[in-house]
S.K.: 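Have a look at this one before I ask anything.
Read the numbers this way: they start at 1 and go in the same order the structure lists the ligands and their atoms.
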Amino acid sequence: MNNQPFMTLQQIDEAAQFIRTRTKHHPEVGIILGSGLGALAESLADADIIPFTEIPNLPRSTVPGHAGRMLIGLLEGKPTLVMQGRIHFYEGYSMSQVTFPVRVMQRLGIATLIVTNAAGAINPQYTPGDLMLITDNLNLVGMMGFNPLIGPNLEEFGPRFPDMSQAYDRSLLQLARQAAQQTQTTLWEGVYAGLSGPSFEAPADLRFLRLAGADAVGMSTVPEVIVARHSGMRVLGFSGISNKANLDGDTITTHEEVLEAGDIMAPKLETLLRAVLRGL
Ligand code: HPA
């Protein structure tokens with residue numbers, strides 16, 4: 001199966017070194033923008049822009065709605081690296097490739113990672129356009145044997161058996177709650193279930209996820225969070241609810257719908273993220 005190649009420290013460092021030559025900034029915060037949520041990157045101040053295709057060893061993002069660019073600039077005065085688009089497992093890349101950008105961020109000295117995604121609502125209270133603070137995740141792909149840390153352990157980054165008890169940093173969760181209050185943004189809190197995709201879920205999948213305690217479901221994020229935690233990065237995560245997951249089988253989910261909801265959510269998310277950055 002496609003759990004290989006395992007990316008090496010040398011490949012990670014080649015990418016990090018290349019990025020250093022292409023920017024004057026020393027980023028402290030990393031942000032990964034999910035499907036349809038890329039607009040935030042446009043408002044970065046004094047940004048250096050690097051297409052993914054130019055970065056050594058970085059897989060290409062092949063999905064519509066993912067611009068495939070890295071931007072390094074200032075957000076609320078904080079030097080920030082933004083991934084405008086991400087790499088997904090369903091594109092056929094290995095878990096190690098999917099999480100390569102997080103490894104590169106680590107070598108660049110980034111200590112805080114903010115992950116965002118588009119997700120389907122499993123919690124019946126959620127409606128499209130809502131935002132959810134990710135308090136925990138269900139690593140379903142990992143449970144099936146696709147954990148991004150499978151393979152040789154890169155000792156430079158962290159231990160063989162890293163802890164995941166507080167994957168989403170408690171003080172950052174608190175900061176996000178404050179940011180939501182300050183900006184009068186409605187922010188649900190819930191559990192994100194990470195599947196591989198690319199097919200959306202069947203109704204029985206969704207009822208299973210609901211029973212398992214998931215509030216939102218998507219096709220990303222969890223591997224990135226695991227790799228971030230492996231090296232002790234502090235992680236904060238948000239899901240933009242793009243559609244009601246189809247527990248009854250009566251509605252159809254499309255990628256177009258996901259991207260349209262992104263247009264509505266992106267400004268709200270930007271307001272919230274800016275307030276978070278001010279508080280960091
Ligand atoms: N399921 C899985 N991934 C998603 C969904 C969904 O309903 N919406 C956006 N990403």
Side-chain angles (χ1 to χ4, degrees), residues 31-40 61-68 83-93 95 98-99 114-144 146 148 168 187-226 237-269 272:
I31 301 179
I32 302 179
L33 295 174
S35 294
L37 301 173
L40 167 75
S61 177
T62 63
V63 191
H66 288 258
M83 293 282 293
Q84 197 180 27
R86 61 152 54 84
I87 323 295
H88 300 84
F89 191 52
Y90 63 71
E91 294 174 81
Y93 295 117
M95 277 291 172
V98 164
T99 54
I114 304 177
V115 282
T116 71
N117 56 56
I122 294 177
N123 188 320
Q125 289 183 287
Y126 299 0
T127 42
D130 287 353
L131 296 178
M132 184 188 91
L133 179 61
I134 304 176
T135 55
D136 207 345
N137 64 227
L138 273 169
N139 178 19
L140 290 155
V141 183
M143 289 180 201
M144 299 299 162
F146 294 99
Y168 300 87
L187 186 61
W188 297 103
E189 297 195 13
V191 172
Y192 174 86
L195 275 60
S196 75
S199 53
F200 290 110
E201 300 72 36
D205 290 323
L206 293 162
R207 290 194 297 270
F208 166 79
L209 294 174
R210 181 75 187 131
L211 281 174
D215 295 290
V217 57
M219 307 175 188
S220 67
T221 304
V222 176
E224 296 155 357
V225 173
I226 292 169
F238 299 97
S239 288
I241 302 301
S242 55
N243 56 288
K244 282 237 181 221
N246 180 17
L247 272 74
D248 54 14
D250 289 340
T251 41
I252 289 173
T253 304
T254 65
H255 187 58
E256 288 67 36
E257 180 185 7
V258 171
L259 296 185
E260 273 169 33
D263 292 341
I264 299 168
M265 295 183 294
K268 285 205 273 187
L269 185 67
L272 189 61

S.K.: About how many Å separate CD1 of I32 and CE of M83, when rounded to the nearest 0.5 Å?
M.R.: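 It is 6.0 Å, given to the nearest 0.5 Å.
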S.K.: For atom 5 (C) of ligand 1, grab the closest protein heavy atom and report residue, atom and distance to one decimal in Å.
M.R.: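 Protein heavy atom with the smallest distance to atom 5 (C) of ligand 1: G120 N, 3.4 Å.
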S.K.: Measuring from atom CG of N123 to atom NZ of K244, what distance do you get when rounded to the nearest 0.5 angstrom?
M.R.: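 Between atom CG of N123 and atom NZ of K244 there are 8.5 Å.
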S.K.: Within the structure, is a non-hydrogen atom of S242 found at a distance of less than 4.0 Å from ligand 1?
M.R.: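 So S242 counts as touching ligand 1.
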S.K.: Output the list of atoms in ligand 1 that are nearer than 4.0 Å to some heavy atom of E201, sorted by atom number.
M.R.: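 It comes down to these atoms of ligand 1: 1 (N), 2 (C), 6 (C), 7 (O).
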S.K.: Could you tell me whether the side chain of T135 and the main chain of G190 form a donor-acceptor pair under 3.5 Å?
M.R.: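 Checked: pair present.
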S.K.: Out of curiosity, is G197 lining ligand 1, as in a heavy atom under 4.0 Å away?
M.R.: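 G197 does not count as a contact of ligand 1 under the 4.0 Å cut-off.
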S.K.: Is it the side chain (CB and beyond), the backbone, both or neither of A119 that lies under 4.0 Å from ligand 1, heavy atoms counted?
M.R.: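 Looking at A119 and ligand 1, just backbone atoms fall under 4.0 Å.
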S.K.: Roughly how far, to the nearest 0.5 Å, is CG of N139 from CE of M144?
M.R.: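 Result: 10.0 Å between the selected atoms.
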S.K.: Report yes if some heavy atom in the side chain of L269 is under 4.5 Å from a heavy atom in the side chain of F238; otherwise report no.
M.R.: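 Yes - at least one pair of side-chain heavy atoms lies under 4.5 Å apart.
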S.K.: As a test of understanding, state which of S196, P223, S220 forms a side-chain contact (heavy atoms from CB on, under 4.5 Å) with H88.
M.R.: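 One option only clears the test, and that one is S220.
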S.K.: Got the closest protein heavy atom to atom 6 (C) of ligand 1, with its distance?
M.R.: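 In this structure, atom 6 (C) of ligand 1 has F200 CD2, 3.5 Å as its nearest protein heavy atom.
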S.K.: Counting from 1, what ligand 1 atoms have a heavy atom of M219 closer than 4.0 Å?
M.R.: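 Listed by number with element: 2 (C), 3 (N).
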S.K.: Can you measure from CG (L209) to CZ (R207) and round to the nearest 0.5 angstrom?
M.R.: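 The CG atom of L209 sits 11.0 Å away from the CZ atom of R207.
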S.K.: For atom 4 (C) of ligand 1, what's the nearest protein heavy-atom neighbour? Residue, atom name and distance, please.
M.R.: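 Atom 4 (C) of ligand 1 sits closest to the protein heavy atom V217 O, 3.6 Å.
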S.K.: Looking only at distances, can you tell me whether any N or O atom of T253, backbone or side chain, sits closer than 3.5 Å to an N or O atom of ligand 1?
M.R.: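 No - when backbone and side-chain N and O of T253 are compared with those of ligand 1, no distance drops under 3.5 Å.
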S.K.: Using a 4.0 Å cut-off to any heavy atom of A118, which atoms of ligand 1 qualify?
M.R.: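 Heavy-atom distances to A118 below 4.0 Å select 9 (C), 10 (N).
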S.K.: Provide the closest heavy-atom pair for A121 versus Y126 in the form atom of the first, atom of the second, distance.
M.R.: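 Scanning both residues, the minimum pair turns out to be CB-CB, 3.6 Å.
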S.K.: Closest by any non-hydrogen atom to atom 8 (N) of ligand 1: pick that one out of N243, L195, V258.
M.R.: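 Result: the heavy atom closest to atom 8 (N) of ligand 1 is in N243.
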S.K.: Measure the distance from atom 3 (N) of ligand 1 to every protein heavy atom, then report the residue, atom name and distance (to 0.1 Å) of the closest one.
M.R.: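 Going by distance alone, atom 3 (N) of ligand 1 is nearest to G218 CA, 3.3 Å.
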